[in-house]
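Convention: sequence-line order gives letters A, B, ...; per-chain numbering from 1. Being a predicted model, the structure only gives us computed values, none of them experimental. Just so you know, these numbers use all the heavy atoms, side chains as well, and skip hydrogens, waters and symmetry mates.
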Number of protein chains: 2
Amino acid sequence: MGRSPTDTKSKLLLTAADLIWQSSYGNVSVDDICKAADIKKGSFYYYFSSKAELAVATMEESFVSYELEIMNVLSPNLPPIQRFEALADFVYEKQQQAYAKYGRVCGCPCASLGSEMAGNEQLIQKKADEILHRQSDMLKETLQEMIDSGLLPPNTNISNIACQISTSILGQVMMARIQNNLSNLKNDLKISLFQTLGLKTPISGISTMLQEQQNGQ
Amino acid sequence: MGRSPTDTKSKLLLTAADLIWQSSYGNVSVDDICKAADIKKGSFYYYFSSKAELAVATMEESFVSYELEIMNVLSPNLPPIQRFEALADFVYEKQQQAYAKYGRVCGCPCASLGSEMAGNEQLIQKKADEILHRQSDMLKETLQEMIDSGLLPPNTNISNIACQISTSILGQVMMARIQNNLSNLKNDLKISLFQTLGLKTPISGISTMLQEQQNGQ
DNA sequence: ATACAATTTGACTGACCAGTCAAATACTAT
DNA sequence: ATAGTATTTGACTGGTCAGTCAAATTGTAT
């Protein structure tokens, strides 16, 4: 029954995600989104009950597609250390693509939105928190393999290291957005990841690592 | 000539800094600030030509007072390694005080504002960038001492390490704000700082460090 | 063809926004 | 006292905001 389904909802989601990523939640109005998507405001509120609900939906949608890409980057075909190198490269390239497309460093959509709205919209704060946890969880499998193969000590706290790595990436990506400059991200992200893992800095590209003893306390 | 000077301007600055720190630039209106400071909007625009100009002024003001505290924490009375421990403790305590006062983790005012407005208000973006550089510069003196006393290799790139440390702190403080949770900040900040310095994790409080060789490439 | 359901439209509301301004006030120097 | 200046006030503007809604449209099933 009814009309045939359309792409209206996903068009709104994609448009909103783009606009908010470049700018911010507060600086993008529902009217802006509707105008950019060429959809009337009435339709917007047919699909979303509020602007905040839309924001939460964009966060989920953006993260799911990001998750797929990351799963590919962290593919078990590569040895674990090279996976982390690939991760750092991926994060940088993603920002560079956004820079080429939008003319500025955009940062992490979830973190920017989360920080902006943390004190005002609990729905958004909770969603940001959830996604950051999911992001961190994606690293656990690779870390477990590193323990199994002796690259990390057996008493390593996997959750904790995963969290530290996520936090480190978040810091560098945020800094890049604030400074509107990608050079530190390009140069330091890999170094920082390997330090968190307790490994020496890789000689660019060639993963000839020396393992450092890292004791949990 | 004229009336005697009043504290109107500084009252506006302090009130605005507080409100924006807890919430965000976009979610705090000029009316909100005036109401909280019990000052009429006409007076606001007597002292500030725009909301963005006020924001820039609060950033400068907040940073200058922060700078004084940091200079004290990094006081040359302590050995360099203990200074960094004290820095980590200070950052945590500062957030805890804000939590007690405002009921939530507030994060870094400069970074939150900078991220929020980076794509919209160039004045704010530039100010955030400037302050992050000044913050990073404050670490250089201590790092130089560490080189001089052999705690860091002589070919260490001081600017780069200072920048990495600032970025690391920023990441953890931002993460704490987004998650509204201080436990990771408390536990991981010190670890992360020492990893960036290429030093082993200190055994809590007692700075019996082992130095790691850290080669620049 | 017609009834019914899903979707779209555009005009609307009332609140709030940043910013303006002429007039009032309060102080100081003479 | 009075003239001049610094500061404060409150009422105002025009625009934008999130959100509403009744009516129109477009499809589908019978």
Novice: Once you round it to whole Å, what is the distance between P of C/dT8 and NZ of A/K35?
Specialist: 20 Å
Novice: With a 4.0 Å cut-off, would you call A/D38 and A/K11 a salt bridge?
Specialist: no
Novice: A/I39 CD1 to D/dG19 C1': how many Å, rounded?
Specialist: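 Atom-to-atom, A/I39 to D/dG19, this comes out as 17 Å.
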Novice: If I take atom CD1 in residue B/I124 and atom P in nucleotide C/dA18, what distance separates them, rounded to the nearest angstrom?
Specialist: 12 Å
Novice: Please classify the nucleic acid contact of B/T8 as base, sugar-phosphate, or nothing, using heavy-atom distances under 4.0 Å.
Specialist: sugar-phosphate
Novice: Counting only side-chain nitrogens and oxygens, does A/Y46 get under 4.0 Å of the OP1 or OP2 atom of C/dT8?
Specialist: no
Novice: What is the distance, rounded to the nearest whole Å, between atom CG of B/D7 and atom P of D/dT7?
Specialist: 12 Å
Novice: Between B/S49 and C/dG19, is there a contact of a side-chain N or O with OP1 or OP2 at under 4.0 Å?
Specialist: no
Novice: Starting at CG of B/L54 and ending at P of C/dG19, how long is that distance when rounded to a whole Å?
Specialist: 10 Å
Novice: Closest-nucleotide mapping onto DNA chain D: is A/F44 or B/K9 further toward the 5' terminus? I mean the 5' end.
Specialist: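 Its nucleotide being nearer the 5' end, the pick is B/K9.
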Novice: Starting at the 5' end of DNA chain D and moving along, which residue's nearest nucleotide shows up first, B/K40 or A/D32?
Specialist: B/K40
Novice: Check B/K126 with B/E130, please: is the shortest side-chain N to carboxylate O separation under 4.0 Å?
Specialist: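 Answer for the salt bridge query: no.
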Novice: Out of C/dT8, D/dA18, D/dT8, which has the shortest distance to the side chain of A/K51?
Specialist: D/dA18
Novice: Check the distance between C/dC16's P and B/N27's CG and give it to me in whole angstrom.
Specialist: 14 Å
Novice: Using atom CG of A/D31 as one end and atom P of C/dC12 as the other, report the distance to the nearest whole Å.
Specialist: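 Between P of C/dC12 and CG of A/D31: 15 Å.
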Novice: Using only side-chain N and O atoms of A/Y45, determine if any of them is under 4.0 Å from OP1 or OP2 of D/dG19.
Specialist: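 Looking at the OP1 and OP2 atoms of D/dG19, one of them is under 4.0 Å from a side-chain N or O of A/Y45.
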Novice: Could a donor-acceptor pair under 3.5 angstrom be found where the side chain of B/K41 meets the base of C/dG19?
Specialist: yes
Novice: Less than 4.0 Å between a side-chain N and a carboxylate O, is that true for A/E60 and A/R134?
Specialist: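 Salt bridge: yes.
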Novice: Is any side-chain heavy atom of B/M59 closer than 4.5 Å to one of B/I124?
Specialist: yes
Novice: Check the side chains of B/Y99 and B/Q95 for a donor-acceptor pair under 3.5 angstrom, ignoring hydrogens and angles.
Specialist: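 Side-chain D/A pair, B/Q95 to B/Y99: absent.
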Novice: Look at B/S29 and C/dC16 and indicate whether a side-chain polar atom (N or O) is within less than 4.0 Å of OP1 or OP2.
Specialist: no
Novice: Quick one: label B/F48 by what it contacts on the DNA or RNA (base, sugar-phosphate, nothing), any heavy atom closer than 4.0 Å.
Specialist: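 Counting heavy atoms under 4.0 Å across all strands, no contact is made by B/F48.
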Novice: Rounded to the nearest Å, what distance is computed from the CD atom of residue A/E53 to the P atom of nucleotide D/dA18?
Specialist: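 Value for this atom pair: 15 Å.
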